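Beneath this line is the structure, given in structure tokens, with notes to follow.
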Amino acid sequence: MTVRLADVIEVLDAAYPPRFAQSWDSVGLVCGDPAEEVETVTIAVDATPAVLAQVPERGLLLAHHPLLLRGVDSVAADSAKGALIHSMIRTGRALFTAHTNADSASPGVSDALADALDLEVTDVLSPLPTGPALDKWVVFVPPANADSVRAAMFAAGAGQIGDYSQCSWSVGGTGEFLPEDGATPAIGTVGTVERVTEDRIEMVAPVSRRTAVLTGLRGAHPYEEPAFDVIELAVTTGEVGLGRIATLPEPEPLSAFVARVRDALPATSWGVRASGDASAPVSRVALCGGAGDSLLAEVAAAGVQAYVTADLRHHPADEHRRVSDVALVDVAHWASEFPWCHQAAQLLRNHFGASLPVTVSDVRTDPWNVEGSCT
């Protein structure tokens with residue numbers, strides 16, 4: 001069976017949706033023609049010359065880290081990254097990146113890290129919103145005008161819930177108002193309390209459509225001053241997002257848990273370092289593949305005893321340990337994300353089988369490669 005690059009991209013985008021990527025990130029196809037055949041896939045954390053040397057012609061390199069991320073205005077062949085791009089294009093090789101979208105997907109990077117440590121994931125550490133920010137509109141209108149007000153609000157973008165449109169809810173009641181001097185009431189007279197039968201209409205609309213919905217409402221409503229409420233709804237979250245919370249098979253001292261982490265991940269010159277009470281029991285932990293000190297506030301509130309991540313800086317770690325008993329376990333960035341390569345490889349093997357050979361690169365792309373020693 002012939003496999004096109006577009007076929008592989010479809011599978012990757014379904015598993016690691018681009019919409020999950022952080023706003024600053026750059027994910028997806030970097031070079032390659034989606035319409036062309038792809039003969040192999042090689043997976044790595046980083047696109048480096050040593051990794052690219054393992055990618056056959058007409059092969060795809062699936063990398064976790066973007067090769068071209070910030071302020072790129074040239075891929076000249078005499079630059080380091082430009083040389084890689086030119087080499088790939090000349091030999092029909094493609095490059096695709098799944099970065100923070102793979103971090104947040106389920107399963108994603110932190111799930112792969114948990115699997116490597118033999119932990120059971122129970123929750124998301126920092127969930128992503130699962131839908132758009134919504135307003136709830138509540139409008140009071142005479143029954144004779146209710147349909148026209150609904151129609152105007154629907155036309156402005158209100159009333160959509162999933163695959164259903166023109167969604168609303170209504171109930172009858174009594175409205176009361178007193179027109180004062182200067183008013184021109186559609187119903188009633190100035191200086192007299194008026195009680196009228198009204199429908200209460202409720203529907204949702206994206207926050208981004210607030211101005212349009214209000215304009216439509218006012219245009220269709222018979223009152224000089226329509227009565228309405230706009231309530232901004234809480235954003236719901238789901239089973240995707242950054243980091244995971246997981247449990248150990250059995251509680252163990254922090255020192256044993258640190259050894260578990262060290263033994264499970266590929267060795268690096270960075271090694272594994274930890275901060276906490278070595279004898280304190282650990283049964284529930286937080287994890288975040290890659291740099292994770294931006295999630296320390298969530299970690300402190302997560303009810304865990306330890307946090308495994310990478311690239312912990314001195315000051316955030318120090319401030320965390322001053323106010324929290326959650327131990328910190330810091331590993332090399334590359335090592336924390338390397339288990340994802342095997343997860344992505346299995347995803348593609350399950351889908352394409354023997355039609356598409358998939359290989360995980362054995363090149364250690366961790367930039368730290370010299371171990372220090374004390375004498």
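Small disclaimer: the values here were computed from a predicted structure and weren't measured. Computation of the quantities below employed the complete heavy-atom set of this structure, encompassing side-chain atoms and omitting hydrogens, waters and symmetry-equivalent molecules.
- A distance-only check finds a donor-acceptor pair linking the side chain of Ser79 to the backbone of Gly82 [under 3.5 Å].
- Contact of the Val139 side chain with the His221 side chain is registered, since non-hydrogen atoms from C-beta on lie closer than 4.5 Å.
- Hydrophobic clustering, with ILVMFWY side chains joined whenever heavy atoms are under 4.5 angstrom apart, groups Leu52 together with Val30.
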For Arg150 and Ser170, what are the C-alpha separation, side-chain angles and deciding distance, and is it a side-chain contact (heavy atoms from CB on, under 4.5 Å)?
CA-CA 10 Å; Arg150 283 193 197 89; Ser170 303; 2.6 Å; yes

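- Shown here for Leu233 and Lys136, the closest heavy-atom pair between the two residues is CD2-CB, 3.8 Å.
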Start with the C-alpha distance between Asp366 and Val45, add both sets of side-chain angles, then the distance that settles side-chain contact (heavy atoms from CB on, under 4.5 Å), and finish with yes or no.
CA-CA 9 Å; Asp366 184 11; Val45 175; over 6 Å; no

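- The side-chain heavy atoms of Pro179 and Thr189, taken from C-beta on, include no pair separated by under 4.5 Å.
- Looking at Asp25 and Pro66, their side chains come closer than 4.5 Å, going by heavy atoms from C-beta outward.
- Annotation: salt bridge (Lys or Arg N to Asp or Glu O under 4.0 Å) contacts involving residues 71-93, sequence neighbours excluded, are absent.
- Between the Gln343 side chain and the Gly108 main chain, a donor and an acceptor come within less than 3.5 Å of each other.
- Atoms CG and OG, from Asp311 and Ser336 in turn, are 7.5 Å apart once rounded to the nearest 0.5 Å.
- For the pair Asp7 (side chain) and Arg4 (backbone), a donor-acceptor distance under 3.5 Å is present.
- Val360 and Leu62 are not part of a single hydrophobic cluster, where members link through side-chain heavy atoms under 4.5 Å apart.
- Looking at every heavy atom in both residues, Met88 comes nearest to Cys31 through CB-SG, 4.0 Å.
- Dense packing is recorded around CD of Glu176, with more than 12 heavy atoms of other residues, nucleotides or ligands lying under 6.0 Å away.
- Across every non-hydrogen atom of Ala306 and Phe257, the tightest pair is CB-CE2, 4.2 Å.
- The two residues Ala300 and His320 have their closest heavy-atom pair at CB-CE1, 4.5 Å.
- Rounding to the nearest 0.5 angstrom, the gap separating the CZ atom in Arg321 from the CG atom in Leu312 is 11.5 Å.
- In this structure, Arg195 contributes its side chain and Thr174 its backbone to no donor-acceptor pair below 3.5 Å.
- For Asp318, the CG atom is densely surrounded, since the number of other residues' heavy atoms within 6.0 Å is greater than 12.
- By the rule that hydrophobic residues join a cluster once side-chain heavy atoms approach within less than 4.5 Å of another member, Val38 and Leu12 end up as members of one cluster.
- Between the side chain of Arg260 and the main chain of Leu117, a donor-acceptor pair closer than 3.5 Å is present.
- Under a 4.0 Å N-O distance rule, the pair Arg200/Glu198 does not qualify as a salt bridge.
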Go through the steps for Phe140 and Asp229 under the test side-chain contact (heavy atoms from CB on, under 4.5 Å), then give the verdict.
CA-CA 9 Å; Phe140 303 90; Asp229 299 324; 4.3 Å; yes

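- Using cut-offs of 30° and 60° for the angle between ring planes, the His99 and Trp24 rings count as perpendicular.
- Ring pair Trp334/Phe338 is tilted by interplanar angle, where 30° to 60° counts as tilted.
- In terms of modelled atom types and a separation under 3.5 Å, the side chain of Thr100 and the main chain of Gln22 share a donor-acceptor contact.
- The hydrophobic cluster containing Met1 also contains Val358, counting ILVMFWY residues as joined when their side-chain heavy atoms lie under 4.5 angstrom apart, directly or transitively.
- Within the 4.5 Å cutoff, the side chain of His351 has no heavy atoms near those of the Gln346 side chain.
- With rounding to the nearest 0.5 Å, the separation of CD in Glu239 from CZ in Arg244 is 9.0 Å.
- Here the CZ-CG distance, from Arg19 to Leu128, works out to 10.0 Å after rounding to the nearest 0.5 Å.
- Minimum interatomic distance between Pro253 and Ser279 (heavy atoms only, all atoms of both residues): CB-O, 4.2 Å.
- Between Arg273 and Asp330, some side-chain heavy-atom pair lies under the 4.5 Å cut-off.
- The hydrophobic clustering, which links ILVMFWY residues whose side-chain heavy atoms are closer than 4.5 Å, places Leu67 and Leu29 apart.
- For the pair Arg209 and Asp135, the minimum side-chain heavy-atom distance is 4.5 Å or more.
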Stepwise side-chain contact (heavy atoms from CB on, under 4.5 Å) check, Val11 with Phe352:
CA-CA 10 Å; Val11 174; Phe352 294 104; 3.8 Å; yes

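- Contact of the His333 side chain with the His65 side chain is registered, since non-hydrogen atoms from C-beta on lie closer than 4.5 Å.
- Sequence neighbours left out, the pairs with a member in residues 285-300 that pass salt bridge (Lys or Arg N to Asp or Glu O under 4.0 Å) are Asp293-Arg313.
- Side-chain N or O atoms of Thr122 include one that pairs as donor or acceptor with a backbone N or O of Ile245 at under 3.5 Å.
- Distance alone, capped at 3.5 Å, is enough to place a donor-acceptor pair between the Ser361 side chain and the Val363 backbone.
- The heavy-atom pair separating Ala152 from Gly216 by the smallest distance is CB-O, 3.4 Å.
- In terms of modelled atom types and a separation under 3.5 Å, the side chain of His64 and the main chain of Ala98 share a donor-acceptor contact.
- Of the possible donor and acceptor atoms, one in the side chain of Thr215 sits under 3.5 Å from a partner among the backbone N and O of Thr211.
- Between Val141 and Tyr223 there is no side-chain heavy-atom pair separated by less than 4.5 Å.
- A distance of 11.0 Å separates CZ of Arg262 from CG of Leu265, quoted to the nearest 0.5 Å.
- For the side-chain hydrogen bond (donor to acceptor under 3.5 Å, both in side chains) with Gln54, the qualifying choice from Asp362, Thr359, Thr40 is Asp362, the only one to do so.
- Residue-environment remark: CD (Glu37) exceeds the threshold of 12 foreign heavy atoms within 6.0 Å.
- For the side-chain contact (heavy atoms from CB on, under 4.5 Å) test, residues two or more places apart in sequence or in another chain that qualify with Glu194 are Phe177, Ile187, Val196.
- Taking OG1 of Thr48 as the start and CG of Leu61 as the end, the distance is 8.5 Å to the nearest 0.5 Å.
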